[in-house]
Number of protein chains: 2
Amino acid sequence: MSEERISTNLRKGVLEYCVLALLSQGEKYGLELADALTARELIASEGSLYPLLARMRENGLVEPRRETSDSGRPRRYYAITEHGTEQLATFTRVWTSLAAQVDALLEGPR
Amino acid sequence: MSEERISTNLRKGVLEYCVLALLSQGEKYGLELADALTARELIASEGSLYPLLARMRENGLVEPRRETSDSGRPRRYYAITEHGTEQLATFTRVWTSLAAQVDALLEGPR
DNA sequence: ACGGTAACCTTGTATAGCAAGACTTGCAAT
DNA sequence: ATTGCAAGTCTTGCTATACAAGGTTACCGT
């Protein structure tokens with residue numbers, strides 16, 4: 001029951017950069033991102049993703065492009081911007097450092 | 001400028017269990033915890049810690065004990081409870097799994 | 001025409017960390 | 001004594017994020 005709560009809080013602030021990491025491998029559209037993140041258990045529902053994408057667009061981290069259907073309904077593809085790439089690099093530094101501290105604490109005194 | 005913001009969000013949901021990890025090595029009082037966490041860059045100020053300790057007490061994760069001064073002003077020592085120990089174990093599982101996913105994403109496709 | 005489904009988006013809510021500072025207590029100079 | 005300083009605890013107001021639940025639009029097969 002509380003495993004969910006733990007996950008939820010852990011995801012805060014990580015999700016944004018996981019999206020950037022995925023986009024750094026190439027453009028993706030909303031549901032495609034949602035599926036990739038769900039498979040990795042990094043989101044619990046699309047309700048987290050779309051508001052996040054909107055924020056990221058406002059902050060200039062991603063650039064949306066509308067692709068009107070070759071088949072199926074139109075999709076909105078997102079590409080990472082230069083600014084987004086920089087932010088991803090910064091995050092990687094911060095994450096690596098923090099994760100090392102947490103790992104050390106969890107392992108306890110040698 | 002935004003490195004702070006990244007850290008802030010990353011800490012959410014981690015801090016609580018870092019406190020438990022520290023307490024699993026023995027009782028500690030407020031400022032002692034604050035110093036340990038600050039040294040590891042896991043908090044930015046005591047303003048995060050005291051409300052957290054209060055929440056953790058309400059949730060039965062820690063048990064406070066008032067120690068009236070042997071020397072210096074009285075301190076409130078916190079000990080981890082059995083429930084706290086269980087929660088720490090659960091967190092460790094969740095954290096390990098999530099951290100692995102994030103690391104994999106940051107390293108990108110092999 | 002009609003149901004299904006892919007894709008996208010919105011609303012409301014709970015929660016966690018933070019900055020800044022208030023308050024209390026003991027100790028040390030003067 | 002009195003003043004000042006530092007250790008220790010706690011409070012207030014704020015912002016931001018993930019989530020559940022549901023709603024909307026467009027395409028497709030039958």
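Order of the sequence lines sets the chain letters (A, B, ...), proteins ahead of strands, with each chain counted from 1. We use all heavy atoms of the structure for the numbers below, so side chains are in, but hydrogens, waters and symmetry mates are not.
Whole-Å rounding puts the I43(A) CD1 to dT17(D) C1' distance at 14 Å. The interatomic distance linking M56(B) (CE) with dA16(C) (P) rounds to 11 Å, in whole Å. Here the C1' atom of nucleotide dC18(C) and the CG atom of L37(B) are 14 Å apart, to the nearest Å. Rounded to a whole Å, the CG atom of L42(B) is 13 Å from the C1' atom of dG17(C). Rounded to an integer number of Å, the gap from E4(B) CD to dA16(D) C1' is 16 Å. Summarising the geometry, the separation between CD on E41(B) and P on dC18(C) is reported as 12 Å, rounded to the nearest angstrom. One interatomic measurement links the two molecules: CZ of R55(B) to C1' of dT15(C), which rounds to 8 Å at whole-angstrom precision. What separates CG of L49(A) from P of dC8(C) is a distance of 9 Å, to the nearest Å.
Inter-residue side-chain proximity for L98(B) and L42(A) is flagged as met; some heavy-atom pair is nearer than 4.5 Å. Counting heavy atoms from C-beta on, the side chains of F91(B) and L106(A) come closer than 4.5 Å. No side-chain heavy atom of L31(A) sits under 4.5 Å from any side-chain heavy atom of L49(A).
Here the straight-line distance linking atom CD of E3(A) with atom CZ of R93(B) works out to 5.0 Å at 0.5 Å rounding. Annotation: the span from R57(A) atom CZ to L52(A) atom CG amounts to 13.0 Å, rounded to 0.5 Å. Atom OG of S7(A) is separated from atom CD1 of I43(A) by 13.0 Å, given to the nearest 0.5 angstrom. Taken to the nearest 0.5 Å, the CG atom of N59(B) stands 8.0 Å off from the NE2 atom of H83(B).
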Protein heavy-atom contacts under 4.0 Å, written 5' to 3' over nucleotides 1-12 of chain D as B (base), S (sugar-phosphate only) or - (none), form the string ------BBBBB-

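A close approach under 4.0 Å does occur between a side-chain nitrogen or oxygen of R5(A) and OP1 or OP2 of dA16(C). Between S45(A) and dC19(D) there is no side-chain polar atom (N or O) within less than 4.0 angstrom of OP1 or OP2.
Note on E67(B) versus R65(B): salt bridge recorded, some NZ/NE/NH1/NH2 to OD/OE distance being below 4.0 Å. At a threshold of 4.0 Å, the pair R11(A)-E16(A) does not count as salt-bridged, since none of the basic side-chain nitrogens sits closer than that to a carboxylate oxygen.
With respect to V19(A), the side-chain contact (heavy atoms from CB on, under 4.5 Å) criterion is satisfied by exactly one of V14(A), L37(A), L61(A), L88(A): L37(A).
Cation-pi geometry between R76(A) and Y29(A) is not satisfied (NZ or CZ under 6.0 Å from the ring centre, within 45° of the ring normal).
Residues from residues 6-17 of chain A lying near DNA chain D, meaning a heavy-atom separation below 4.0 Å, are T8(A), R11(A), K12(A), G13(A), L15(A) in numerical order. A heavy-atom distance below 4.0 Å to DNA chain D is reached by none of the residues of residues 85-102 of chain B.
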